[in-house]
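Working notes for the structure below.
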Amino acid sequence: MSSHRQEAVRRVAAPDIAARKGQTPVVCLTAYSAPMAELLDEHCDLLLVGDSVGMVVHGLPNTVGVTLEMMILHGQAVMRGSKRAMVVVDMPFGSYEGSAELAYANAARVMKETGAQAVKVEAGATIIDTIEYLVKRGIPVMGHVGLRPQAVLVDGGFKAKGRAGEERRRILEEAKATAVAGAFAIVVEGVAEGLAREITEAVEVPTIGIGASAGCDGQILVTDDMLGLFDWTPKFVRRYGDLRGEISRAVSSYAEDVRARRFPGPAEIYFAKAG
Ligand code: KIV
């Protein structure tokens with residue numbers, strides 16, 4: 001056995017996030033690649049390998065086309081890039097809704113092949129038994145209520161949810177059932193502030209809001225949105241950067257330099273060895 005002891009950095013785990021209920025807000029962002037995970041790791045409690053990767057990285061129109069293989073590849077990259085933050089991998093559309101057994105087989109594969117600490121599932125009331133099934137068998141689960149992007153084809157678009165009446169009551173009940181089933185945290189997406197606060201008060205685990213007000217126990221955004229990579233920003237996103245402008249300026253300078261033969265210069269070339 002090697003006498004060298006590796007300095008182990010303990011990762012944030014599901015019980016740590018669960019214990020943050022009512023404490024300082026939980027900081028979460030999405031990550032899909034190793035270099036980005038490395039940059040986000042020191043600032044975030046939790047990195048979500050969201051199935052939004054399909055739209056953000058692969059140019060898909062929605063998340064329905066995302067596969068388990070894509071999630072595993074990006075999950076592996078994020079695990080390699082990060083050391084401390086908890087890594088949660090989204091279960092993609094079609095990989096868990098069919099039955100608890102199917103969900104377990106696919107979620108176990110995600111956990112084994114990525115080394116991530118948990119999975120996230122979207123589907124509402126129909127998935128409550130499955131959440132319990134997974135948690136009882138050792139797979140930490142994050143729930144997701146409100147606007148559910150995987151239901152985009154049924155809903156006819158990405159629309160805010162539960163602004164009134166029966167839908168509002170249903171989302172509240174779904175959130176409560178998700179917590180009772182054993183989820184360690186729940187993403188609350190695209191709901192009005194009043195409902196977000198009511199869910200947060202009603203459940204014993206942290207709620208992580210996206211487009212759901214500061215009434216939640218934590219926040220998550222798609223990293224590329226908040227960094228300003230796209231020409232369009234959803235209402236609930238604050239742009240903390242201008243990556244689009246930065247990239248455009250950098251690439252334009254590079255193109256001008258190449259065309260004017262200013263790049264590469266003497267500092268950027270190899271010289272033959274003397275003799
Ligand atoms: O896929 C995703 O990125 C998500 C978050 C935005 C919550 O589900």
Side-chain angles (χ1 to χ4, degrees), residues 17 25-33 36-37 40 44-68 70-75 77-78 82 85-97 107 110 114 116 118-124 127 131 141-153 155 158-162 171 174-175 178 183-191 196 199-200 205-213 216-227 229-230 232-240:
I17 299 291
V26 185
V27 180
C28 314
L29 280 172
T30 63
Y32 317 116
S33 71
M36 187 59 86
L40 304 182
C44 294
D45 301 305
L46 185 152
L47 300 178
L48 172 68
V49 187
D51 60 351
S52 50
V53 68
M55 299 167 77
V56 175
V57 176
H58 296 273
L60 293 171
N62 53 51
T63 57
V64 173
V66 175
T67 65
L68 199 63
M70 285 161 79
M71 296 312 302
I72 289 171
L73 269 182
H74 288 284
V78 170
S82 60
M86 174 170 194
V87 175
V88 179
V89 178
D90 247 342
M91 295 299 291
F93 178 76
S95 70
Y96 63 97
E97 305 91 325
V110 168
T114 65
V119 296
K120 176 165 83 60
V121 294
E122 267 186 29
I127 209 74
I131 293 175
V141 176
M142 192 176 199
H144 185 144
V145 301
L147 192 165
R148 292 187 286 106
Q150 290 177 10
V152 63
L153 299 178
D155 290 346
F158 300 108
K159 298 172 187 158
K161 289 279 175 188
I171 292 173
E174 266 175 25
T178 299
F184 70 88
I186 305 173
V187 168
V188 180
E189 178 163 0
V191 305
I199 293 172
T200 301
V205 295
T207 53
I208 309 296
I210 174 163
S213 86
C216 297
D217 297 300
Q219 297 294 325
I220 186 162
L221 284 174
V222 169
T223 300
D224 306 63
D225 278 343
M226 59 82 85
L227 291 179
L229 189 66
F230 302 114
W232 178 79
T233 313
K235 175 182 165 65
F236 56 85
V237 173
R238 186 177 296 171
R239 284 172 84 113
Y240 286 88

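In listed order, ligands and their atoms are each counted from 1. All residue numbers refer to positions in the sequence shown, counting from 1.
Between the Tyr96 side chain and the Glu122 main chain, a donor and an acceptor come within less than 3.5 Å of each other.
With rounding to the nearest 0.5 angstrom, the NZ atom of Lys120 is 11.0 Å from the CD1 atom of Ile131.
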Show the distances, to 0.1 Å, for all pairs joining an N/O atom of ligand 1 and a protein N/O atom that are shorter than 3.5 Å, listing one pair per line.
from     : atom 1 : to     : atom 2 : distance (Å)
ligand 1 : 1 (O)  : Asp51  : N      : 3.2
ligand 1 : 1 (O)  : Asp51  : OD1    : 2.9
ligand 1 : 1 (O)  : Ser52  : N      : 3.0
ligand 1 : 1 (O)  : Ser52  : OG     : 3.3
ligand 1 : 1 (O)  : Asp90  : OD2    : 3.1
ligand 1 : 3 (O)  : Ser52  : OG     : 2.5
ligand 1 : 8 (O)  : Lys120 : NZ     : 3.0

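Between Leu29 and Met226 there is a side-chain heavy-atom pair separated by less than 4.5 Å. Between Phe93 and Val66, the closest side-chain pair of non-hydrogen atoms is not below 4.5 Å.
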When the side chains of residues 216-223 are checked against the rest of the protein, which donor-acceptor pairs come out under 3.5 Å, sequence neighbours left out?
from   : atom 1 : to     : atom 2 : distance (Å)
Asp217 : OD2    : Lys21  : NZ     : 2.7
Asp217 : OD2    : Thr207 : N      : 2.9
Asp217 : OD2    : Thr207 : OG1    : 3.3
Gln219 : NE2    : Ser213 : O      : 2.9
Thr223 : OG1    : Thr30  : N      : 3.4
Thr223 : OG1    : Thr30  : O      : 2.4

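Taking both residues in full, the closest heavy atoms of Phe158 and Leu147 are given as C-CD1, 4.0 Å, listed atom of the first, atom of the second, then distance.
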